[in-house]
Amino acid sequence: VQLQASGGGLVQAGGSLRLSCTASGSIFSINGMGWYRQAPGKQRELVASITGGSKTNYVDSVKGRFTISRDNAKNTVYLQMNSLQPEDTAVYYCNADVRVSSAVYRPQDFWGQGTLVTVSS
């Protein structure tokens with residue numbers, strides 16, 4: 001299973017970006033999906049997550065500004081980021097819990113390669 005993330009870039013404070021992450025390969029089903037970020041010198045943190053039933057969760061610092069969604073037909077998770085601030089600058093990673101076949105009940109954890117988001121003041 002591979003996760004391919006895209007959509008990062010350079011944006012001014014107050015701007016918007018939309019991240020996408022598509023899973024491909026041996027996929028029977030995908031449970032939870034999420035976006036994490038890691039800023040220079042800081043630990044990786046969970047930004048937003050979405051369950052298979054589309055229940056969402058956000059870190060407090062992005063509530064009201066970021067929206068996570070998923071397209072199950074495309075095995076894709078999105079992160080719409082509005083009102084971006086310099087403190088949102090980080091490498092953003094997508095994550096997915098994947099059942100790789102009907103014979104394997106325990107989902108496995110996969111990560112994308114990361115996409116850099118830089119917000120200038």
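Given the structure is predicted, the values throughout are model-derived calculations rather than measurements.
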Check against side chain to side chain contact (heavy atoms under 4.5 Å, CB included), Gln113 and Gln4: CA-CA 7 Å; Gln113 82 284 8; Gln4 181 67 47; 3.1 Å; yes
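- Under the 4.5 angstrom side-chain criterion for Ile, Leu, Val, Met, Phe, Trp and Tyr, the cluster partners of Leu116 are Tyr36, Leu46, Val91, Tyr93, Trp111.
- One distance of note links OG1 of Thr51 with CZ of Arg70; it measures 7.0 Å at 0.5 Å rounding.
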Test log, rule side chain to side chain contact (heavy atoms under 4.5 Å, CB included), inputs Gln108 and Val1: CA-CA 10 Å; Gln108 299 177 41; Val1 175; over 6 Å; no
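- Side chain of Tyr58 to main chain of Ile68: a donor-acceptor pair is present (N/O by atom type, distance under 3.5 Å, no hydrogens or angles).
- Inspection of the Thr22 and Asn75 side chains reveals no N or O donor paired with an N or O acceptor under 3.5 Å.
- Between Phe110 and Val100 there is a side-chain heavy-atom pair separated by less than 4.5 Å.
- Side chains of Pro107 and Val98 form no contact here, defined as non-hydrogen atoms less than 4.5 Å apart.
- If you take OG on Ser120 and CD on Gln85, they are separated by 11.0 Å, rounding to the nearest 0.5 Å.
- Between Val59 and Glu45, the closest heavy-atom pair is CG2-OE1, 4.2 Å.
- Side-chain contact between Gln80 and Ser16: present, with at least one pair of heavy atoms (C-beta onward) separated by less than 4.5 Å.
- Atom-to-atom distance recorded for Leu79:CG and Ile50:CD1 is 10.5 Å, nearest 0.5 angstrom.
- For the residue pair Arg99 and Val104, the shortest heavy atom distance occurs at NE-O, 3.0 Å.
- A heavy-atom distance below 4.5 Å is not found between the side chains of Ile30 and Asn72.
- Nearest heavy-atom pair, Leu3 versus Ala23, reported as atom, atom and distance to 0.1 Å: CD1-CB, 3.9 Å.
- The shortest non-hydrogen separation linking Val11 to Leu84 is CG1-CD1, 3.6 Å.
- In this structure, Thr67 and Tyr78 have side chains that are not in contact, with every pair of non-hydrogen atoms separated by 4.5 Å or more.
- Annotation: side chain of Asp88 is in contact with side chain of Arg37 (closest heavy-atom distance under 4.5 Å).
- How far CZ of Arg18 is from CE of Met81: 11.5 Å, rounded to the nearest 0.5 Å.
- Between Asp97 and Asp109 the shortest heavy-atom distance is OD1-OD1, 2.8 Å.
- The distance from the CD atom of Glu87 to the OG atom of Ser61 is 8.5 Å, given to the nearest 0.5 Å.
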